[in-house]
Amino acid sequence: MFLIDGLKRIYSYFVADSVKTHKISLIKASYNNLEQKILSNYPPEKVAVAILHTQYAQELVTGIAERRWSAEDVMRVYCLQSLRLHREYNFISEQFMEDAILLAITLDAKFRSTGRLVGPLHGLPIALKDDMDVKGYDTTLGCKCGCLQPKHLDAPIVECLRTAGAIPFCKTNVSWHLLSAECTNTLFGQTLNPLDTKTSPGGSSGGVSALVAAGGALVGIGSDAVGGLRVPAQHCGLYCLKPTSSRLPPGTTNNNTLSWDTIPRVFGPVSRSLPNIVTIFRSLLLTHPWRTDPSVVPISFDHALYTSTLESRRLKIGWYTNDGFLRALPPACRAVHTAVTALEKQGHEVVEFHPPKTIQAVLLLTKLLVMDLDSPCTFLREFQQDDLGEPIVPLMLLMRAPMLVRALVATFFERIMDDTVVGQMIRTLGLGGTTARFRKGPKAAAELVQLQKEKEEYQRLFAEAWNEMDGMDVLICPVHAIPPLPSVSFPYTSAGTSYSMLYGLLDYPVGVVPNVTAVTAADRVHDTLMYVHGQEGAPPPVNIPGQPAVQSHGHHKGCFNFLGILGVEEFNSRLAEGVGTEASVAVQVVGRRFEEEKVLAVMELLRNGLEKKNSY
């Protein structure tokens, strides 16, 4: 049996590898003479420079309306810009620039004949993450099994962008199957961070974030389930918005990687400028996406909420730097304190918040991510032809391992390492792993129903904790416990993702404000064990309601926090090498469900406060 399975996998690998070779040859052919074609009707240098110096999407569209430049001019400028930058940073997975230029020419013709723009984003170039369907092109998810399968329709969010007048012109690189906070795969290679090529651009939306950070577009669209857009936004010094699910239309993508119905993947904008985030979000809602996609809730942009929040003189801002799973490292803590201080100086009230039962939430989310109604798990069924030779994450290795091996590894962490959390996470992988073949149909469905109930119970628990803060408007917390590190460091930093994972489970809207502070050489943690377990640089530990009891030396009972120690040690070693110093550190601004406008307004208040602080 094992021999037959092994032979099948080897055969599948060679088939997939031949598909990859053919795909890469097609992509290379698409670049033949592309730069010359773009330059064939390129605008005068003065116009091109003016276009590239325009920071805001609204100004770019206004320039088209005022006939200072055309949509074709804008598209040719950004196509050339991104193409040349791609050679340095490798962020494009597939381009359709010639199609984009033809569409821009069509928009110009309509504008000349009618005198009206087709929409609020008329002629705006947009870069997409390679998990959104574009008619006639693959949605690869960075893997071979997605090659040579062009989509027959645009994704709903792509349709909305086109309706608003925007022009998608390329797809961008992602982590393998969107499974890690990296941006590398054997299909398209490693994407580099334009801010610091030694550090990772993050993932899974690392390609679109790198492109926008480098100046290849004013705006990109990425996706986020447990931090896939927010982490790259921090790494690349960008603003972004992860909306509540169903607020914006979906990507109608190859959803074979995670249980998206339980942990929804949402799509949102990323940009170097906060006004661009507001413009894109508002413009997409102006297309009334709920009229064509019933999964979208019919909520227009709430100008009253946005304006009233901006004008409010006394908001209540919650904050935290220790979620009970891993205390954020010094740069992330400093970013949060800098942010709340900037808001406090504007007259707003700031209060410390304690997220309830975060360890329970992380374990629940892990179960939901690997749970699937089919058997065996979707990971194993769909992607076995693709993973040989890939940079397989530890998650996949453990999911492929026999049940006995997982049990032994889990027991090692629980009994020897005194880390029950990692032990439970490893045991959790069996829910959707090879053991699923012995638990077909109703039993698997019953497990998923039970997990959904547990998720709803935790969502109610968190809502109660929020309500107990007596009118708290938003929360501010780290994006990730551990600042940007070199590529292929995700296994060492996985513990720090609890700060972003939580709001995927809760389905709360979250915005990222970048460049609040930066990593310095002085941020080195001198005693890893004491820091992770709550003593170094921290007040005496206290028992947090809803969290496991804390021992006198400050760590949770039965939680040695192996992953946290691994992450801190990696941070220290890279800092000693001078890697990651001056890296951008951001904060998350978290709101309640469907209150994106309040989140955006507080982001604006925070941005103004930080700019005022830096101007002194």
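Note that the numbering runs from 1 along the sequence shown for the chain.
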**Request:** Could I get the full list of side-chain hydrogen bond (donor to acceptor under 3.5 Å, both in side chains) partners for Glu595, not counting sequence neighbours?
**Result:** none
**Glu569: partners by side chain to side chain contact (heavy atoms under 4.5 Å, CB included), with sequence neighbours left out** = Thr528, Ile565, Asn572
**Item:** Set of salt bridge (charged side-chain N to carboxylate O under 4.0 Å, His left out) partners for Arg593, sequence neighbours left out
**Value:** Asp507
**Asked** Once the angle between the rings of Tyr503 and Phe462 is folded into 0 to 90°, is it parallel (under 30°), tilted (30 to 60°) or perpendicular (over 60°)?
**Response** perpendicular
**Request:** Tell me, please, which residues at least two apart from Thr244 pass side-chain hydrogen bond (donor to acceptor under 3.5 Å, both in side chains).
**Result:** Glu596
**Prompt:** What side-chain hydrogen bond (donor to acceptor under 3.5 Å, both in side chains) pairs are there with at least one residue in residues 231-243, not counting sequence neighbours?
**Reply:** none
**Asked** Are side-chain N/O atoms of Asp130 and Asn173 paired as donor and acceptor at under 3.5 Å?
**Response** no
**Pairing residues for Pro330 by the side chain to side chain contact (heavy atoms under 4.5 Å, CB included) criterion, not counting sequence neighbours** = Asp523, Val525, Tyr531
**Prompt:** Once you round to the nearest 0.5 Å, how far does CH2 of Trp176 lie from OG of Ser204?
**Reply:** 13.5 Å
**Message:** With rounding to the nearest 0.5 angstrom, report the CZ to SG distance, Phe267 to Cys160.
**Reply:** 12.5 Å
**Item:** Salt bridge present between Lys151 and Asp138 (N-O < 4.0 angstrom)
**Value:** no
**Message:** Between Glu570 and Arg574, does any NZ, NE, NH1 or NH2 come within less than 4.0 Å of an OD or OE carboxylate oxygen?
**Reply:** yes
**Request:** May I ask you to check whether Phe594 and Tyr508 place their ring centres under 6.0 Å from each other?
**Result:** no
